[in-house]
Amino acid sequence: MTNDAGIPRFIPLGEQAVIVSFGDKPEPETQRSVARLSRDIESSPFPGFIELVPTYTTVCIYYDVTAAFEAGFADPGDPRSMYEAVCEWLGRRIDAMIRADAGRAEAGKHLRIAVCYCEACGPDLPALAANGGMRPEAAAALHASALYTVSMIGFLPGFPYLSGLPEALSAPRLDTPRALVPPGSVALAGLHTGIYPAASPGGWRLIGRTALSLFDASRSPPSLLAAGDTVTFEPIAHEELASALATGGLPT
């Protein structure tokens, strides 16, 4: 769980946040480190912790200085004491994780997501398949055959960036983004697959749609997926998707 220098780097972000960097490249071990630290902090946070934002290679941790001072976590008379206290706390947690059993610590949940790959749900699939010398059905089957890992959540609340896309399906973003992408749309760009959790503009290529709710503010946690989770897709007929949408979505 280290960067090229051999240790994670701590970078201050203003007066109430710190970035933990595990490297400059989104390699599998780096992404596992991000996911493991994120889960560890959320399961047992330090006094004053507010939230964290994981990316491909970093975890940004936000905290409330006043709350931390009131809890005795840092010295209110020293402006840098909070940042130093958080870095020391993070250092101890990272050291403990390195010593812990990696297999036990890295395990995230696995989710199988039902997707309709018909042209109505995936209007970009026929052209994408033709560019790769495949029929749409073969491209859909190839997409559904892969095991994906959630690298990060971003762009929209609950939007998962999924690594593991077969290279034969790689394609650039659309030259002109769509003004409106339906919620649940399964899309790809570059070597990543994503799922739009809500209706929004978007430039990724649409290849299917799910009725699964990826983000619900009333749910705890609100995002169905988290960094480090794994995903596989299961093709379903359009009628099954329409039925699920009419009844409020697929069960989780």
Participant: Is there a path of hydrophobic side-chain contacts, each under 4.5 Å between heavy atoms of I, L, V, M, F, W or Y residues, that connects L156 with V186?
Facilitator: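 Unlinked, L156 and V186 end up in two clusters.
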
Participant: V20 and F73: same hydrophobic cluster, using ILVMFWY side-chain contacts below 4.5 Å?
Facilitator: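 Yes, same cluster.
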
Participant: Would you please indicate if the ring centroids of Y148 and H110 are separated by under 6.0 Å?
Facilitator: no

Participant: What about H192 and Y56, are their ring centers closer than 6.0 Å?
Facilitator: yes

Participant: Flag the pair R178 / L206 as yes when at least one side-chain heavy-atom distance between them is below 4.5 Å, and no otherwise.
Facilitator: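 Counting from C-beta outward, R178 and L206 do come under 4.5 Å.
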
Participant: If we only count heavy atoms from C-beta on, is the M152 to P54 side-chain gap below 4.5 Å?
Facilitator: no

Participant: Ignoring hydrogens and geometry, is there a side-chain-to-backbone donor-acceptor pair from T210 to G184 under 3.5 Å?
Facilitator: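 No, the answer is negative, given that no donor and acceptor are paired below the 3.5 Å cut-off.
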
Participant: Out of curiosity, F46 CZ to E88 CD, how far, rounded to the nearest 0.5 Å?
Facilitator: 12.5 Å

Participant: How many angstroms lie between atom CG of L225 and atom CG of L212, to the nearest 0.5 angstrom?
Facilitator: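 Here the rounded value is 8.0 Å.
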
Participant: With distance as the sole test, does R93 use its side chain to make a donor-acceptor pair with the main-chain N or O of S44 at under 3.5 Å?
Facilitator: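 Such a contact is found between R93 side chain and S44 backbone.
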
Participant: Verify, without hydrogens or angle tests, whether S185 (side chain) and V181 (backbone) share a donor-acceptor contact under 3.5 angstrom.
Facilitator: no

Participant: Would H143 and L165 count as a side-chain contact (heavy atoms from CB on, under 4.5 Å) here? Give the steps.
Facilitator: CA-CA 7 Å; H143 184 265; L165 181 72; 3.6 Å; yes

Participant: Between A138 and M134, which heavy-atom pair has the shortest distance, and what is it?
Facilitator: CB-CB, 4.2 Å

Participant: Using every non-hydrogen atom in the two residues, find where G228 and A35 come nearest and quote the distance to one decimal.
Facilitator: CA-CB, 3.6 Å

Participant: Counting neighbours of OH on Y62 that are heavy atoms of other residues, nucleotides or ligands and sit closer than 6.0 Å, is the number greater than 12?
Facilitator: no

Participant: Check whether R209 reaches the backbone of P183 with its side chain - one donor and one acceptor, N or O, closer than 3.5 Å.
Facilitator: yes

Participant: Identify the two heavy atoms, one from P160 and one from I153, that lie closest to each other, and give their separation to 0.1 Å.
Facilitator: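 That closest heavy-atom pairing would be CA-CD1, 3.8 Å.
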
Participant: Okay, side chain of S145, backbone of L142: is any donor-acceptor separation there less than 3.5 Å?
Facilitator: yes

Participant: Which pair of heavy atoms, one from L125 and one from A139, lies closest together, and at what distance?
Facilitator: CD1-CB, 3.9 Å

Participant: Checking F155 against Y196 for the side-chain contact (heavy atoms from CB on, under 4.5 Å) test, could you report, in this order, the C-alpha distance in whole Å, the side-chain angles of both residues, the deciding distance, and whether it holds?
Facilitator: CA-CA 9 Å; F155 169 55; Y196 286 81; 3.6 Å; yes

Participant: Tell me, with the steps shown, if C60 and L52 meet side-chain contact (heavy atoms from CB on, under 4.5 Å).
Facilitator: CA-CA 5 Å; C60 184; L52 59 81; over 6 Å; no

Participant: Any chance you could measure Q16, atom CD, to T66, atom OG1, to the nearest 0.5 Å?
Facilitator: 7.0 Å

Participant: Please determine whether residues V65 and I41 belong to a single hydrophobic cluster, defined as Ile, Leu, Val, Met, Phe, Trp and Tyr linked transitively by side-chain heavy-atom distances below 4.5 Å.
Facilitator: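 Yes; tracing contacts between hydrophobic side chains, which count when under 4.5 Å, links both residues.
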
Participant: Do W204 and Y161 have ring centroids that are under 6.0 Å from one another?
Facilitator: yes

Participant: Would you kindly confirm whether V18 and I94 end up in one hydrophobic cluster when ILVMFWY residues are joined by side chain heavy atoms under 4.5 Å apart?
Facilitator: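 Yes, same cluster.
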
Participant: If you round to the nearest 0.5 Å, how far is CD1 of I19 from CG of L13?
Facilitator: 4.5 Å

Participant: Between S21 and I11, what is the shortest heavy-atom contact and its length?
Facilitator: CB-CD1, 4.3 Å

Participant: Looking at side-chain heavy atoms only, is the closest gap between C121 and C116 below 4.5 Å?
Facilitator: yes

Participant: Judged by modelled atom types alone, do T55 and T58 share a side-chain donor-acceptor pair under 3.5 Å?
Facilitator: yes

Participant: When clusters are formed by joining ILVMFWY residues with side-chain heavy atoms under 4.5 Å apart, either directly or through shared neighbours, do F22 and F10 land in the same one?
Facilitator: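 Yes, same cluster.
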
Participant: Surrounding CD of E137 (heavy atoms of other residues, nucleotides or ligands, distance under 6.0 Å), is the total greater than 12?
Facilitator: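 For E137, atom CD is crowded (more than 12 foreign heavy atoms under 6.0 Å).
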
Participant: Between L188 and I207, does a side-chain contact (heavy atoms from CB on, under 4.5 Å) hold up when you go through it step by step?
Facilitator: CA-CA 8 Å; L188 58 84; I207 62 169; 3.9 Å; yes

Participant: Return the CG to CG distance between L162 and L191, rounded to the nearest 0.5 Å.
Facilitator: 12.5 Å

Participant: Is there side-chain contact between D64 and F49, with heavy atoms separated by less than 4.5 Å?
Facilitator: no

Participant: Could you tell me if the side chain of V231 sits less than 4.5 Å from the side chain of I113, heavy atoms only?
Facilitator: yes

Participant: Under 3.5 Å, side chain of R205 to main-chain N/O of P172, donor-acceptor pair present?
Facilitator: yes

Participant: Between T149 (side chain only) and S151 (backbone N and O only), is there a donor and an acceptor less than 3.5 Å apart?
Facilitator: no

Participant: Please examine the side chains of T230 and V150, heavy atoms only from C-beta on, and report whether any two atoms are closer than 4.5 Å.
Facilitator: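 Counting from C-beta outward, V150 and T230 never come under 4.5 Å.
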
Participant: What distance separates D24 CG from T30 OG1, expressed to the nearest 0.5 Å?
Facilitator: 9.0 Å

Participant: Is the shortest distance from a Lys or Arg side-chain nitrogen in R39 or D229 to a carboxylate oxygen in the other one below 4.0 Å?
Facilitator: no

Participant: Are more than 12 heavy atoms from other residues, nucleotides or ligands located less than 6.0 Å from atom CD of E167?
Facilitator: no

Participant: Please give me the minimum heavy-atom distance between G190 and S170, naming the atom from each residue.
Facilitator: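 Here G190 and S170 meet closest at O-OG, 3.0 Å.
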
